[in-house]
Amino acid sequence: MFNGTLMVPVRLFEAVGATVRWEAATKTAVLRRGSLSVRLQVGSRQATVGSARKGLPEAPELVEGRLV
């Protein structure tokens with residue numbers, strides 16, 4: 001929990017059929033399931049869902065080598 005927001009490891013989404021790709025240069029995770037894609041960048045409170053920008057309550061962080 002960070003400031004009242006439950007944070008889960010991004011790799012958890014593989015359990016529901018999403019693929020997760022890590023772009024080390026930009027510290028960005030790209031999640032894909034079917035035609036939907038989501039981009040999450042470490043430290044950014046903005047996610048890209050498809051082509052739309054969406055605000056996040058907390059920025060993703062690396063915790064013990066895992067993106068949450």
Side-chain angles (χ1 to χ4, degrees):
M1 294 288 286
F2 292 107
N3 298 320
T5 299
L6 177 64
M7 308 290 274
V8 297
V10 170
R11 292 276 179 199
L12 180 69
F13 291 93
E14 291 174 325
V16 294
T19 60
V20 177
R21 182 172 44 98
W22 177 248
E23 296 177 352
T26 59
K27 294 185 178 178
T28 301
V30 181
L31 295 77
R32 288 192 182 277
R33 184 169 183 229
S35 62
L36 179 65
S37 69
V38 176
R39 296 177 66 83
L40 300 168
Q41 186 173 27
V42 171
S44 174
R45 291 182 68 179
Q46 294 289 313
T48 303
V49 180
S51 60
R53 302 279 291 170
K54 303 287 183 175
L56 300 171
E58 292 295 328
E61 296 183 19
L62 288 174
V63 177
E64 297 180 11
R66 295 182 176 144
L67 183 65
V68 296

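Everything numeric in this text was worked out from a predicted model, so none of it was measured.
Here the CD atom belonging to Gln41 is positioned 11.5 Å from the CG atom belonging to Leu56, to the nearest 0.5 angstrom. For the atom pair CG (Leu62) and NZ (Lys27), the distance works out to 6.5 Å, reported to the nearest 0.5 Å. The structure places OG1 of Thr28 at 9.0 Å from CG of Leu67, a figure rounded to the nearest 0.5 Å. One finds the CZ atom of Arg45 at 5.5 Å from the CD atom of Glu58 (value rounded to the nearest 0.5 Å). Rounded to the nearest 0.5 Å, atoms CE (Met7) and CD (Glu61) are 5.5 Å apart. Remark: Arg33 CZ to Leu31 CG distance equals 11.5 Å, nearest 0.5 Å.
Hydrophobic clustering keeps Val63 apart from Met1 (ILVMFWY residues linked when any side-chain heavy atoms are closer than 4.5 Å, directly or through intermediates). Transitive grouping of hydrophobic side chains (ILVMFWY, heavy atoms separated by less than 4.5 Å) brings Val38 and Val10 into a common cluster.
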Enumerate, atom names and distances included, each donor-acceptor pair closer than 3.5 Å involving a side-chain atom of residues 16-25, sequence neighbours excluded.
| residue | atom | partner | partner atom | Å |
| --- | --- | --- | --- | --- |
| Arg21 | NH1 | Glu23 | OE2 | 2.7 |
| Glu23 | OE1 | Arg39 | NH2 | 2.9 |

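Summarising the geometry of Leu40 relative to Pro60, their closest heavy-atom pair is CB-CG, 4.1 Å, with the distance given to 0.1 Å.
For the pair Ser44 (side chain) and Val42 (backbone), a donor-acceptor distance under 3.5 Å is absent.
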